[in-house]
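Since the structure comes first, as structure tokens, the remarks are kept for the end.
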Amino acid sequence: MSINPISAARSASQPRLMEHLAFLTGSIFFILLLMLLSRISLLAYNHELIGDTPLADWQEAFVNGLRFDLRVAGYVAIPLLLSILSPWLMAQRTWQRIWLTFAASLIALLGILELDFYREFHQRLNNLVFQYLREDPATVISMLWHGFPVAKLLLAWAGLTLLWWWFFSVIDRSTRECPTLHKREWLNTWGMRAGVFVLCLLVTVVAMRGTLRQGPPLRWGDAYTTETVFANHLGLNPVITLFDAAKSHFSAARDNVWQPVMSMDKAQNVTRKMLLTERDRLVDPNTAAVRRDFTPAAEGQLAIRNVVVILMESFAGHYIGAMGSPLGITPYFDQLAEEGLLFTRFFANGTHTHQGMFATMACFPNLPGFEYLMQSAEGGNDFSGLPQLLSSRNMDDVYVYNGDFAWDNQQGFFSNQGMTRFVGRDDFIDPVYSDPTWGVSDQDMFNRAVPELDALASEGPFYALLQSLSNHVPYPLPASLPTEAVTGQGSQDEHLTAMRYSDWALGQFFAQVRNKPYFNETLFVIVGDHGFGAPDQLTEMDLHRFNVPMLMIAPGIQDAFGTSTDMTGSQVDVVPTIMGLLGGKTRHQCWGRDLLSLPADEKGRAVIKPSGGNQTVAIIEGDQILILPKGQAPSQHRYQLGAAPLAQRLETVDQELLTQLQAFIQVATNSLLTNAAGATADQSRIKVNTQ
């Protein structure tokens, strides 16, 4: 019997079962190796966060990381796994290598993107990626191009893609006609292939679940097994975190919106006890959760007729000299603090400028599912913030900003709330410096603000919002700086140099307005829109990203209230505190309180949430913070800010504080969804759900 030489050659070139399994195993090994190298790179790139963390925490992080990596590897292996059932599919090595290289290239790209993403936000890839993609593409591309070494990163990505293509090609060649592998015919029967497929499928399913327990597969909370925030984050995988973020971000059902956990009656009662003081009288209780008439004490009012709110970009409390920093980053702010009232235990409600704006000016909190409220349909709802309250007192207004008001839908949101005059990047003539990404420099913004305030003061009482921008990636600063560059702080040098420059510009502004006739009739409120990360991450909420200063400067304020206070507060407290200092009865529905009219033994509180789409929220009361991640058990910590920050996890959780946090989020969410958060009643609104 003769053998057809063509058929024999075709058979010799076709991989057998064991050869295919060797190719599959070798390829997945290199996929896992790539994810391991990405994790090592993330650790090395952000080595300043390592501190004195014990080695055991990092070992645990890499073990957790392997579990998450195996989940990704399981999905990558699916096409090769299905090929076991067909000799023809096993022979399609070129397409298999293309698929593997595509997967490796995507993993490498996400690993490269995360290096600076984590340095900037102290978070793995999340909803922020999609949020930035929704913004003006030209601005986003410009920010990335001028703020990061994009060309080098793209070259590194291309190099890694080619390298992994070569790896997969080597594995392909070495597993064809390999004499060390069994090629007995009985191993290549359909029955044997089916049995091997079932066995491999079971192994893959376990890998894709990441756990042998009953119930849900491996979740992000399973990486939180140490007391070190960075180590916990390191155990996560960017493919999984970004995929989960995509599901949340593009979900038609808005699964990331807070779901009720108690009856609405109970939640409203708890929330009202949190927000109403002896000087508040609840009105419209059947249609509004916390709408009330507020009458401040006469002795707490100041002789002021104007209000200027200055929202400082990335003005982190950790680097403020008046709040304990020894680095000398903010000498001008520190000097201003000597003539005003400084709130040292003050927090942003979120970690994005967008959230700082609506929390500060509209006194509405940052809620799960509505982190970008100003851009959503609910952003057109009625609120009871500073524009509404002061416009009703016939006060003129102006909003001066370095950049484009289309970003974050600022002009649309604030004009709907009642502001009428906007001065943005296209309104500056011959600026000292104009950045191609964001706009003019902080000194240009403050220089333009002075004549704008002069013009308003000549007409009558006014309020203004001045927003800085230079302290933001890519840190648009003039070539010739009026201040010394910061050195010795590692990767923070550029950021802190920008912060020092913004502080200088703030000081020059006050030097110009100090001798104006309206200065001694004006309340100036300086507050950070959010902070930014520091090497010591306080709790899994990373409190340095929330802690910001609030400084109030006005005639007689120190005589009435002292020079500083450690009363806990947040940006939603800004509006009611301003209204208390102005005096007169005010009807509002702010989700904060007048911090200067609270009892002396009151600790104050703040409800905060980071950017991104998950439902992790926290409540701060005094020196303690209770953190509630979605689907995870709550935790409570005692923290300390200032020159020696620290956090200590407590053994028990305050159940009353937990109930307050849950009720606050639930009622605020319901008020937003039913458009019942305004200062006045509207019969067209849907009544608050009491079921």
Side-chain angles (χ1 to χ4, degrees), residues 120-123 128 131 309-320 322-323 325 330 333 342-368 370-374 385-386 408 410 465-469 471-473 495 499 502 525-534 537-552 565-578 590-593 595 604-612 616-621 625 627 639 641-642 645 661 664-665 668:
E120 180 69 20
F121 299 108
H122 285 186
Q123 299 178 44
L128 285 174
Q131 182 59 34
V309 177
I310 304 174
L311 198 63
M312 298 292 291
E313 170 68 43
S314 300
F315 219 55
H318 184 63
Y319 294 104
I320 300 292
M323 296 172 67
S325 173
T330 58
F333 179 89
L342 177 64
F343 291 77
T344 58
R345 190 173 282 164
F346 196 82
F347 298 91
N349 290 97
T351 53
H352 190 283
T353 301
H354 179 110
Q355 295 139 19
M357 284 189 285
F358 70 70
T360 300
M361 294 297 287
C363 58
F364 195 81
N366 181 28
L367 300 174
F370 300 99
E371 295 87 350
Y372 302 96
L373 176 64
M374 288 161 52
L386 208 62
D408 283 333
Q410 294 176 60
L465 172 60
L466 315 180
Q467 185 179 339
S468 77
L469 189 54
N471 192 21
H472 189 293
V473 175
H495 201 162
M499 185 173 178
S502 294
V525 182
I526 308 170
V527 61
D529 65 346
H530 55 77
F532 58 91
Q537 296 172 279
L538 295 183
T539 77
E540 54 264 44
M541 287 299 281
D542 199 0
L543 276 180
H544 290 315
R545 295 185 58 77
F546 292 90
N547 180 222
V548 294
M550 181 173 76
L551 175 63
M552 291 185 157
T565 175
D566 62 356
M567 170 82 70
T568 301
S570 72
Q571 289 164 333
V572 293
D573 297 308
V574 171
V575 171
T577 303
I578 289 174
C590 287
W591 294 82
R593 300 175 294 175
L595 297 177
R605 70 175 65 89
V607 175
I608 62 175
K609 182 199 178 298
S611 296
T616 298
V617 292
I619 184 170
I620 305 171
E621 187 173 79
I625 176 172
I627 304 169
Y639 71 92
L641 301 169
L661 173 61
F664 183 93
I665 299 293

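Position 1 is the first residue of the sequence; numbering continues from there.
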In the structure I gave you, are the side-chain heavy atoms of F347 and L641 within less than 4.5 Å of one another anywhere? yes

Quick one: list whatever passes side-chain contact (heavy atoms from CB on, under 4.5 Å) with D573, sequence neighbours left out. S570, T577, R593, L595

Determine whether the aromatic ring centres of residues F315 and F333 are separated by less than 6.0 angstrom. yes

Can you name the closest pair of heavy atoms from R345 and T568 and give their distance? CD-OG1, 3.1 Å

Under a 4.5 Å cut-off applied to non-hydrogen side-chain atoms, are L543 and I608 in contact? yes

Here the gap from Q467 atom CD to M312 atom CE, rounded to the nearest 0.5 Å, amounts to 10.5 Å

For the CD1 atom of I310 and the CG atom of D529, what is their distance to the nearest 0.5 Å? 13.5 Å

Within this structure, what is the CD1-CD1 distance for the pair I620 and I627, rounded to the nearest 0.5 Å? 8.5 Å

Taking the side chain as everything from C-beta on, heavy atoms only, tell me whether Y372 gets closer than 4.5 Å to S611. yes

Considering all heavy atoms, the nearest M499-A316 contact: CE-O, 3.5 Å

Does some side-chain heavy atom of N547 sit less than 4.5 Å from a side-chain heavy atom of H318? no

If you look at every heavy atom in G350 and N366, which pair is closest and at what distance? CA-ND2, 3.7 Å

When the ring planes of Y319 and F532 are compared, do they come out parallel, tilted or perpendicular, using 30° and 60° as the limits? parallel

Are side-chain heavy atoms of L466 and V309 found at a separation under 4.5 Å? no

Whether H544 side chain and G531 backbone form a donor-acceptor pair below 3.5 Å: no

Nearest atoms (heavy-atom pairs only) where F358 meets P365: CE1-O, 3.4 Å

Considering only heavy atoms from C-beta outward, does the side chain of K609 approach that of N349 to under 4.5 Å? no

For the CG atom of L465 and the CE atom of M357, what is their distance to the nearest 0.5 Å? 8.5 Å

Inter-residue atom distance Y639.OH - I625.CD1, 0.5 Å rounding: 7.5 Å

Does any N or O in the side chain of T344 come within less than 3.5 Å of the main-chain N or O of T565, such that one atom is a donor and the other an acceptor? yes

From M361 atom CE to M374 atom CE, the distance as rounded to the nearest 0.5 Å: 10.5 Å

